[in-house]
There are 2 protein chains.
Amino acid sequence: MPTTRERRLDVAPSPETAPRTLVQDVYQRLRSDIIYGELKPGKRLRAEHLKGLYNVSGATMREALALLVADALVISREQRGFIVAPVSIADFTDITETRATLEAHAVRMAVRQGDDEWEVNLSGAFHRLSLAEERRAYRQNDDYWEECNKKFHEALVAGFDSPWTRYFLTILYRQSERYRRIALNNAPPERDVHAEHVAIFEAAMARDEVTVGALIEQHIRATLDVILSVETAVVSSNDS
Amino acid sequence: MPTTRERRLDVAPSPETAPRTLVQDVYQRLRSDIIYGELKPGKRLRAEHLKGLYNVSGATMREALALLVADALVISREQRGFIVAPVSIADFTDITETRATLEAHAVRMAVRQGDDEWEVNLSGAFHRLSLAEERRAYRQNDDYWEECNKKFHEALVAGFDSPWTRYFLTILYRQSERYRRIALNNAPPERDVHAEHVAIFEAAMARDEVTVGALIEQHIRATLDVILSVETAVVSSNDS
DNA sequence: GCAAGACAAAATCTCGAGATTTTATACAAA
DNA sequence: TTTGTATAAAATCTCGAGATTTTGTCTTGC
C-alpha cells in the first residue's frame, strides 16, 4: 500500500526538495513508492483509485504521472491508463551496461578535470559512506546507506562538468536502485562492497584514470551478477 | 516473467501514427514548434495564451507541457509556469560531447554485434540519404533531408541492442536538431556532409570498429565547430 | 461448440471555473 | 531618492463533473 510523506522525509530530509506544488509532491511520493517497491511493477495506476490515497484530483494525479513517464518509471498506454514500469532481466542488464559505460567515462573525465573542490567533496562523501558501511553490518534496505552510496557516486562524477551526463546517470541510478530493492530484499550480497568503494576512492584520488574507470565498471556490473545468480523471480504483480 | 520490451522507452509515439489523445497531439505539436524555433528559447508558455492557439483546456496543456519537461525542451519553474528551454553555447557543447561519446560507443557495438538485417536496413537508409543529399543542393532546413539523416543515424546504432542507449540518443538528437535549426538558419555549412556520411557508411559495412567510432565522433562535433565559428548570436526572446 | 455483434459497466480523457500564489503598482516613511 | 508595505492585477495551480473510449458480458447466429 502506497505511502506517505513521513517516510520520504525519513529518507531524504533535504530541504531543497520540499515540493511547493501538489503535483511535485505527488510526483515525489509516487516515485518513492515505485522505487521502494510498494507499487509493484506492472501494477495499474488508476486515477480514481490513487486520487483517494494521495488526496488530489484526477487531473493533478495525471500530471504527476506524466512526469514519471520521463523517468521511465511509469508507462503511459494510450487511452488505457498508466502502469508501473515492468521489470525484466533484459532491462536491468541494459540499465547496468549503459550506466557502466556512461559512469566510467564520467569518472575518467572527472579524474582528468577535477579540481581541489572536487577532491574535498569526494573525500567527505567517501568518509560518510565508510562510516555508514561500518555501522550497517550488512543490513539490507538501509536507507541511510543508500543515500550515502548515491552521494558518493555523485561526488565521483561531479568533477566532470556535463549536466547531460549527470542527468542520464541520475535516471539510471534510480532504475538501478529500484531493481536492488525489488530483487535483493532477502538476499545478502556475497561481496565486500566497502572494499570496492575503497579501491575506487583511492584510484580516483591518485588520478589513475584507467584503473578508476575499470573499477567503476566492475563495481556497477557486480550487482547485476548477484541478481543474475540469485535468480530471484522478478515477477510483475497483477492489478488490484 | 515479462521479458517483453513493450514500448517503455519510446520517447514519442511514431510520427506516422496519428495521436489518439489530445495530450499526445498537443505534445507533438509543441515539440515540433520548439524544435523548429517557432517557439523561441526562453519564451514563457502561458496556459491561458496557448490554450487558445492549440484549442485545448488549461489542464490538458499542462499535462502536455509536463511531458516536454522530460525531453528537456521545456523547463518548469515552480509556481511560475513553464518556459521554452533556453539555449547556450555551453549547453550545445555538452549535448554534442555527450552525444559523440554515446553514439560512438553505440556504433562500435553495432559494428561488432550487427546481423544481416542491420546491414540491410543500414544500406537502405544510406541510399535514401544519398538521394536526398544529391537532390537538396545544400538548401537549408530541408525537412526531408533532416528525416533521412535521422533515419541514417538510427539505422547505424540499431545493431546495438540497447533501448536505454537509443532512448538517450533520441533525446540528444532532438536537442541537436533544435540548435541546428536555430543557429544555422542563414549559414550554409562549409563542409561536405555527404562525404562524411559515405566514409561512415563504408567503415560500418567494413566492420571497422575503430574507424567508424572516430568518424562518428568527428562528424557529430563538426556541427558544433561550425556553429562556434559562425558565432550566431544565440539570444533568448522575451515573452509575448 | 465457436465466433461475431450488441449492450452495459468501468475507466480514461477533457473541460471550465474557482482557489492559491506570484507579480506589479501605488503610497507612505525615512 | 530610496525603502518598505499594502493593495490590486495577473498568472498559475487545483478541482469535480461531464464526454469519450475501452473493457466485460450476454446474446444471437452458424
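Lettering follows sequence order; numbering is per chain, from 1. Heavy atoms only: backbone and side chains are in, while hydrogens, waters and symmetry mates are out.
Ring-plane geometry between B:Trp164 and B:Tyr167 is classed as perpendicular, the angle between the planes exceeding 60 degrees on a 0 to 90 degree scale with a lower cut at 30. Using the six-membered ring where Trp is involved, A:Tyr173 and A:His153 have ring planes that are tilted, between 30° and 60° apart. Using the six-membered ring where Trp is involved, A:Phe92 and A:Tyr179 have ring planes that are parallel, under 30° apart on the 30 and 60° scheme.
Sequence order on DNA chain D of the closest nucleotides to A:Gly58 and B:Arg77 puts B:Arg77 first from the 5' end. Between A:Gln79 and B:Ala47, the residue anchored closer to the 5' end of DNA chain D is B:Ala47, taking for each the nucleotide with the nearest heavy atom.
The separation between A:Glu48 atom CD and D:dT23 atom P is 17 Å, rounded to whole Å. Taking atom CZ of B:Arg46 as the reference point, atom C1' of D:dA9 lies 13 Å away to the nearest angstrom. Protein atom CD1 of A:Ile83 is 17 Å distant from nucleotide atom P of D:dT22, rounded to whole Å.
Boundaries of the chain A contact region on DNA chain C are C:dA11 to C:dT22, first to last in 5' to 3' order (nucleotide atom under 4.0 Å from a heavy atom).
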>> Does A:Thr60 form a side chain to side chain donor-acceptor pair (under 3.5 Å) with A:Ser57? I'd like the steps, not just the answer.
In response: CA-CA 5 Å; A:Thr60 301; A:Ser57 74; 3.2 Å; yes
>> Checking B:Thr21 against B:Asp25 for the side chain to side chain donor-acceptor pair (under 3.5 Å) test, could you report, in this order, the C-alpha distance in whole Å, the side-chain angles of both residues, the deciding distance, and whether it holds?
In response: CA-CA 6 Å; B:Thr21 68; B:Asp25 183 32; over 6 Å; no
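Other residues, nucleotides and ligands contribute at most 12 non-hydrogen atoms within 6.0 Å of the CG atom of B:Asp116.
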